[in-house]
Amino acid sequence: MITRESIRSVLQSEVGRETVVFGWVRTARASRNVAFAAINDGSCAENLQVVFDRERFSDDRLSGLLTGACVRAAGAVVQSPGQGQVMELHASTLEIVGSVDDAYPLQKKRHSLEFLRSMTHLRPRTNTFANVFRMRHHLCLAIHRFFDEEGFFYIQPPLITSSDAEGAGETFQVTSMPLTAVPMSEGRVDFSHDFFRAPAFLSVSAQLEAEPLALALGKVYTFGPTFRADPSDTRTHAAEFWMIEPEMAFFDLEDNMNLIERFMKYCARYVAERCAHEVEFFQTHYEPRLGERYRTIVENEFGRITYKEALKSLSEAGANLETVPVWGDDFTSEHQRHLAGNVFGRPVFVTDFPACIKPFYMRVNDDGETVAGVDLFAPVVGELVGGSQREERLEHLERRARQAGMNLETYRWYLELRRWGTAPHSGFGLGFDRLLMYLTGMENIRDVIPYPRAFGKMY
RNA sequence: UCCCCGAUAGCUCAAUCGGCAGAGCGGGUGGCUGUUAACCACUAGGCUGUAGGUUCAAGUCCUACUCGGGGAGCCA
């Protein structure tokens, strides 16, 4: 058994005792009488300064104390006479657990995020990525806590599905057939030889699978990976990302929006409290207005306008925009940023979109031409959430599915939910990694995911 | 997929009109010092992304490609 105390624990404890720490050297420097090493073990953002008395430690023993080396140090926790830290470890023993050679790529100085992206195995050792991944953990917990406190049940939908979830994006196909010799029959792929004896895909959304659970358990949420084969090569798209998809029986669109807003406020408050050091770090190094962003989320009510009102607002801004949308257009990222950034200066809900630009499952409004859908646009990052009240009336749902050219037989189970004990219900989807971008200020989704998968690239 | 920008030492970047390849950091050596991305001196380190072309001369201009970044579209 390895005896060891985390640096987090050391820094939170009292001075005047012996301990043992392990960690990676961030910086090291030697003076005539003493040598210093700042070591970090990932348990917290702060380094522990370890001091070596040079009468006790020969030059030879200290020579392995290089940036990146993994070390074990034992000694006394003492008050630091220096300025930069409250306490430090006065070492009695030093062991180089894992040495480094001079090819170790991480240096004391700042590296570009692009450079670090090329080494996903090493970048967690930098302050930036350690902070991102620590916050990622806390945000996950915030999400589970929020839904638990709200009376939701956490469900795990299948990742392999038989449907290609209408409208949600391109799918990755899953097969056990050899691609070099795909069984064919009458010019078509013969799926009777495939693993499931039918085409199978990686899930692009858990919504359709979550609805039946909501119509039994009341309030449920999913939180897991989603796969999209969209050839979108942008800083906000990943081929594999995590989504939060709550689904609630007896929720109309307004209930839905209220929930989204409570969710966002809860997450921001939770992270601001639990990750105060990390938030401060990101504010200092990446987004000077991050604190303001948190305050805006927590303290202000989100904006709420309809698609129609948004169109009006955008046409008034006309000259300042590249394009002005007309009825039936989807909003571009420029429109989203304008509404959230310039018009409201805070996250804003846009509701009641034309039916023709939204999927078949969104509930048709009384006007017959719009649907009870909602998007949440945030300043800087654009669309964060997409949701809707679901169409619970069988005849409406069938009509819209037919209009969309869908094979009703494939969705028979989905339609049966409306045939037997249907109920008004709503839900939404939120991109977890984008939320993390919003709360860290990181501007590329590839910098908030440990091993990003993107169009044309596996890091 | 389209548009724009970029690629120079291990890293971050300079290099004027096309005219000798530079600095800081990191590495090595020495000095100084309870130091804080320590500091000072010296030192090693380069087929300027790849392949062609123009020119007396190309890091610099032209073409193609590769890789990286940003934007658009689509979405979360």
Side-chain angles (χ1 to χ4, degrees), chain A residues 25-38 46-54 59 63 66-68 78-85 88 90 100-119 122 126-127 165 167-170 203-207 225-245 285 322-323 329-337 357-359 375-378 381-387 428-438 443-447 449 454-457 459:
Chain A
V25 175
R26 286 294 178 79
T27 71
R29 41 192 175 271
S31 297
R32 177 183 293 277
N33 300 316
V34 288
F36 302 93
E46 292 75 29
N47 299 328
L48 176 66
Q49 172 157 282
V50 185
V51 186
F52 301 93
D53 192 331
R54 296 193 75 179
D59 290 0
S63 65
L66 299 168
T67 299
V78 299
Q79 206 160 25
S80 176
Q83 293 292 309
Q85 57 283 316
E88 62 191 22
H90 206 105
V100 286
D101 56 36
D102 60 12
Y104 183 66
L106 300 182
Q107 302 175 8
K108 299 177 193 181
K109 63 175 239 173
R110 198 182 157 276
H111 292 289
S112 71
L113 295 172
E114 294 79 14
F115 172 68
L116 293 171
R117 251 170 244 159
S118 72
M119 44 189 84
L122 295 175
T126 64
N127 290 329
E170 295 297 314
S203 175
V204 294
S205 165
Q207 180 199 319
T226 293
F227 307 89
R228 304 250 173 120
D230 295 321
S232 312
D233 192 9
T234 82
R235 63 185 181 82
T236 52
H237 287 83
E240 177 180 335
F241 62 99
W242 277 50
M243 252 208 307
I244 302 143
E245 295 188 284
H285 292 95
E322 296 245 332
T323 61
D329 286 344
D330 236 328
F331 296 132
T332 65
S333 46
E334 182 194 26
H335 300 148
Q336 297 168 8
R337 281 192 290 263
I357 57 170
K358 290 294 182 185
D375 283 349
L376 179 68
F377 300 142
V381 295
E383 184 176 350
L384 264 184
V385 181
F428 65 88
L430 184 149
F432 171 70
D433 312 277
R434 286 188 184 172
L435 178 61
L436 187 56
M437 288 170 72
Y438 195 49
E443 293 185 344
N444 193 310
I445 200 166
R446 295 167 199 188
D447 295 330
I449 299 175
F455 178 58
K457 205 167 306 158
Y459 289 87

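Please read these numbers as outputs of a predicted model, since none were measured by experiment. Lettering of chains follows the sequences in order, A, B, ..., and the numbering in each one begins at 1.
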Nearest to the side chain of A:Gln85, which nucleotide is it out of B:G69, B:C74, B:G34? B:G34
What integer distance in Å separates A:Phe455:CZ from B:G68:P? 12 Å
Spacing between A:Leu106 atom CG and B:G26 atom P, to the nearest angstrom: 14 Å
I need the CZ-P distance between A:Arg235 and B:G69, as an integer number of Å. 13 Å
Paired with B:C61: which nucleotide, if any, by Watson-Crick or G-U wobble criteria at under 3.5 Å for both distances? B:G53
Atom C1', compared across B:G22 and B:U16: separation rounded to whole Å: 14 Å
Between B:G24 and B:A14, how far apart are the C1' atoms? Round to whole Å, please. 11 Å
What does nucleotides 4-14 of chain B look like as a protein-contact string, B for base, S for sugar-phosphate only, - for none, at under 4.0 angstrom between heavy atoms? ------BBB--
Side-chain donor or acceptor of A:Glu88 under 3.5 Å from a matching atom on the base of B:G34? yes
Which whole number of Å gives the distance between the C1' atom of B:C65 and that of B:A72? 24 Å
Has the side chain of A:Gln83 got a donor or acceptor atom sitting under 3.5 Å from an opposite partner on the base of B:U35? no
Where the side chain of A:Thr234 is defined as all heavy atoms beyond and including C-beta, which of B:G73, B:A37, B:C75 is the nearest nucleotide? B:G73
With the side chain defined as heavy atoms from C-beta on, A:Ser333 is closest, among B:G28, B:G71, B:G73, to B:G73
Nearest-angstrom distance, C1' atom, B:A57 to B:G53: 15 Å
Say we look at B:C17 and B:G69: how far apart would their C1' atoms be, to the nearest angstrom? 30 Å
Of A:Arg32 and A:Gly84, the one whose closest nucleotide on RNA chain B sits nearer the 5' end is A:Arg32
Quick one: A:Asp59 CG to B:U29 P, roughly how many Å, whole number? 10 Å
Between B:C61 and B:U55, how far apart are the C1' atoms? Round to whole Å, please. 10 Å
C1' atoms of B:A58 and B:A15, separation to the nearest Å: 13 Å
Out of B:U33, B:A72, B:G28, minimum distance to the side chain of A:Arg337 belongs to B:A72
Please figure out whether A:Gly456 or A:Glu383 has its closest RNA chain B nucleotide nearer the 5' end. A:Gly456
Checking contacts here: which listed nucleotide (B:A37, B:C74, B:U36) is nearest the side-chain heavy atoms of A:Thr27? B:A37
Do A:Ser232 and B:C74 have a side chain to base donor-acceptor pair shorter than 3.5 Å? yes
